[in-house]
Each structure stands twice: as C-alpha cells, then as structure tokens.
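One-based numbering, in listed order, for ligands and for the atoms of each.
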Amino acid sequence: MKYEVDERGYYGNFGGAYIPEMLYPNVEELRMQYLEIIREPVFQKEFTDLLRNYVGRPTSLYHAARLSEKYKAKIYLKREDLCHTGAHKINNTIGQILLARRLGKQKIIAETGAGQHGVATATVCALMGMECVVYMGKLDMERQRPNVERMRILGAQVVPALSGNMTLKDATNEAMRHWINHPADTHYIIGSVVGPHPYPHMVTLFQSVISEEIRKQLVSEIGQPNPDYVVACVGGGSNAAGAFYHYLDEEHVALIGVEAAGKGVDSGESAATTALGKPGVLHGSKTLLMQTHDGQVIEPYSISAGLDYPGIGPLHAHLFDTGRVQFVNATDDEAMHAGIELARTEGIIPAIESAHAIAALSKLELTEEDVVVINLSGRGDKDLETYIRWGKY
Ligand SMILES: *Cc1c(COP(=O)(O)O)cnc(C)c1O
C-alpha cells in the first residue's frame, strides 16, 4: 500500500505525533494497542453489529437518475446522510468508544466546533453508559444552540472554552488539557482524520467501511467495483478518507476532494487548505495548514461549519502532494446552489458540507459512460437556518 501510514505514523512527509511531553503516555498507550484491538474478531463483530443495527448500515448507494441526466454521466450517491444522527461521523465514534471500553476507560472527552461530532460522541456515550464531557468554544455554543441542547438531552456535559476566539481551536486546547490531567480513566475521541498518530489512521480505518460498501454495491449495480470518479468534501477529511480508502491503490479511479472556498480562494475568507496552505504543525501532526508568514494559524471561513477548519489530515496532505487526489474547491454560493439543485432534482436536502461535493459536478469533464460516486456525508436538517438565511430558492 503506497498510501498507507508507516510505522512512525507518517504518510510521506506528513503526520507524526507532535505533542507535549505530558500527553505522551496517553497517545503511546493508544498507539501500542489500537491495531491489535481493532483486529480482534470480537471487536470486529461488535463494531459491525452496531453499524448494522444501530447506525443503519450499509447505507444505500443510490442511482440519482435525474441528476445523472442533467450532468450526462452515471451518478451515484453514497447515502451517509441516512446514518443515525445524520452524518458519517457516527462510524468513527462507535469505533472509538468500543476501543475506549476495551482499554478500560470510563470517561470520554471530545472537542466540537459546529457540534456535529459532539452530538455523535454524546450519542455513543449514552449508548454505552459512559460519562461524556464535550468542550466547545463559547462563541460556537451561542451559534449552535440546538446541538448544545441535543448533547445535554443525551446526558453529556458541555463545557465552554473561554480562551482565544472561543471557537474550535480553543475547545481542542481545553480537551487536551483535560486529557493531560486525567490520563488513566479518560479517552479522547477526535472527530476527523487529524491529530497525532495514531488518530488519523484509526479514524480512517473506522470510516473505510464507506468505500468497502461502495465496492460491493457497485458490483451489483454495474458489474464491477470501480467507478471512474469518487467525489467527497474535505474539512478535516474523514468522510473523504473513508470514501477513498479502498480505492487508493486503484490508480484508474479518479479521486476528487472538494474544499470550501468560502467567499473565494483569494478573498481572505476561505477554508481551501490545499490551495492556500503550507506545511506546518496543527493539532499534533505535521500537515498542510493555512498560516501567516510567521506561522500563525489563519482563521478559516466557510458558510458550512463542518468545513471551517484551517488544515487537513496528514493523509490528505500526502494525497495532495503525490497528486493521487485532485483537490478542487467550491464557494459558499456554488455549494448553496448545488444544495438546492439536489433538493429539486432528487428530493434530498444535503448538509451544506456535502453540497460542496455536489458543486464539483460542474467542474469535472464528464462523459455519458462515466460512473461517478459522490459521498453524501450528511443531511441538511441541521442547516435549515443557513438555507433560510441564504434565501435564494
Ligand atoms: C463534520 C462534517 C464534515 C467534515 O468533516 P470531514 O472530517 O472532512 O468529513 C462533512 N460533512 C458533514 C455532514 C459533517 O458533519
């Protein structure tokens, strides 16, 4: 596997574990054990059972006939929007909570920006009867009130992060601090393919069920497992990593990552990391991130809260570097129009993150023979306010 992580936790030039010394024992415990535990048949059985009966997997691979007609290609939607809690994030939180239990941990902490990962974490903690503390920037708590209340209904404690801009970065710092102070009994569930090794690899493995299913489903749809294109939006990169994983070594399958251009790549209000980023260290790994000349992280911007992140996971930095994945981007307006288009042609209101992937259709040069799989990472219920505020429908 050319694109697999090495034993030091690197994907090519990216990855590793850049962490304060105080955190070393926690990360090392995880690194020593994660692969062995995940490969145990009892773990696999419980993970698979929960994905099937609790999350609702396999999610369908839906042939979008009217969308296909419009773009003159054969378009399939991988329906992660049908997962319990409304997005792919629960695949990872189910995997990590089983791992935490197996490591003997009683408490779970998480960070959240828009609240989607916090809800997915609070959900699995309720499911397993485990204590849950979610750190969230105070500003984000005000902006994402319904998700804060969802987490509380599920029994989680939501702790406001009061430092810095009071957003995701500050919530992550608070979660790290908590973990340093409670190494023995606490597991930290990170929500994307970011963070120190082994998190990017571990989260990729849990999300890889997406491409595992696509391959099987395409065999019954078109008689073979490989499409011409797989398209996914990239915030930190977990839904894309899951949708790409089993195709990484199939070089004839074009992989397209779609980043959020916000108000335009050169507008100063964007989250298009591969277009604007430089190598640096963010949240414990070496990767591409948006930064000033003297290395300060630039505040990202996107209309979609889930794509509003200044970096990408190290796997994606490597896939960009090697050219294995082609990165394109979509502006706020392009994504919103694409979201409405999907609603009108297929009766599916997508999450605004996923609408960025739909927006990429008009940027590809497709022919009628091309088979395109778009990973529809989540549903749009959570984004109703944003659709209403945008208003052009
Ligand atoms: C969180 C989220 C994303 C972005 O996260 P990735 O790790 O890049 O997948 C995309 N889509 C939805 C629906 C999300 O909730």
Side-chain angles (χ1 to χ4, degrees), residues 59 77-93 95-96 110-121 123 136 140 144 146-147 150 168 172 189-195 199-200 202-204 206-211 230-245 256-260 271-274 282-283 287-288 300 302-317 319-320 325 327 329-330 335 338-339 342 348-360 374-384 386:
T59 58
L77 303 177
K78 181 58 173 162
R79 300 289 308 275
E80 293 302 294
D81 61 312
L82 298 177
C83 289
H84 178 44
T85 69
H88 67 290
K89 284 199 173 70
I90 189 120
N91 303 325
N92 168 48
T93 57
Q96 285 203 48
E111 84 296 337
T112 197
Q116 293 304 110
H117 172 57
V119 170
T121 302
T123 299
M136 189 169 185
D140 287 337
Q144 309 286 340
N147 275 341
R150 268 185 201 110
L168 178 61
T172 305
I189 298 189
I190 293 182
S192 189
V193 286
V194 301
Y199 279 100
M202 180 170 71
V203 178
T204 298
F206 291 141
Q207 293 291 0
S208 70
V209 65
I210 298 172
S211 48
V230 180
V231 183
C233 66
V234 178
S238 69
N239 87 87
F244 296 164
Y245 186 74
I256 312 291
V258 189
E259 293 184 313
T273 304
T274 59
L282 181 67
H283 296 151
T287 190
L288 289 173
S302 164
I303 193 168
S304 137
L307 302 184
D308 195 352
Y309 184 70
I312 46 171
L315 166 63
H316 291 290
L319 295 172
F320 172 72
V325 172
F327 284 85
N329 53 68
L342 188 68
I348 298 169
I349 304 174
I352 296 170
E353 291 86 355
S354 322
H356 284 73
I358 305 290
I374 300 176
N375 197 38
L376 202 71
S377 55
R379 58 180 174 244
D381 307 30
K382 70 181 177 63
D383 294 321
L384 214 57
T386 311

So the atoms of ligand 1 within less than 4.0 Å of a heavy atom of Gly235 turn out to be 8 (O)

Only counting residues at least two apart or in another chain, list the ones meeting salt bridge (charged side-chain N to carboxylate O under 4.0 Å, His left out) with Arg150.
none

Of all protein heavy atoms, the one nearest atom 6 (P) of ligand 1 is Ser238 N, 3.3 Å

Ranking Lys89, His356, Glu80 by closest non-hydrogen atom to atom 1 (C) of ligand 1, top hit is Lys89

Identify which one of Val203, Thr204, Val325 satisfies the side chain to side chain contact (heavy atoms under 4.5 Å, CB included) criterion when paired with Leu315.
Thr204

With heavy-atom distances below 4.0 Å as the criterion, list the atoms of ligand 1 near Gly306.
4 (C)

In sequence, state the C-alpha distance, the side-chain angles, and the governing distance for Ser354 and Ser377, and then conclude on side-chain hydrogen bond (donor to acceptor under 3.5 Å, both in side chains).
CA-CA 5 Å; Ser354 322; Ser377 55; 2.7 Å; yes

Pull out every atom of ligand 1 sitting under 4.0 Å from any heavy atom of His88, numbered as shown with elements.
2 (C), 3 (C), 9 (O), 10 (C), 11 (N), 12 (C), 14 (C)

Which ligand 1 atoms, with their elements, are less than 4.0 angstrom from a heavy-atom of Gly378?
13 (C)

Per-atom filter on ligand 1: closer than 4.0 angstrom to a heavy atom of Cys233 are 10 (C)

For ligand 1, which atoms have a heavy atom of Ala351 less than 4.0 angstrom away?
13 (C)

Just going by heavy-atom distances, which of Ala243, Cys83, Ser377, Ala120 is nearest to atom 12 (C) of ligand 1?
Ser377

Applying salt bridge (charged side-chain N to carboxylate O under 4.0 Å, His left out), name anything that partners Glu353, two or more places apart in sequence or on another chain.
Lys382

Which pair of non-hydrogen atoms, one from Leu376 and one from Pro350, has the smallest distance, and what is that distance?
CD1-CB, 4.1 Å

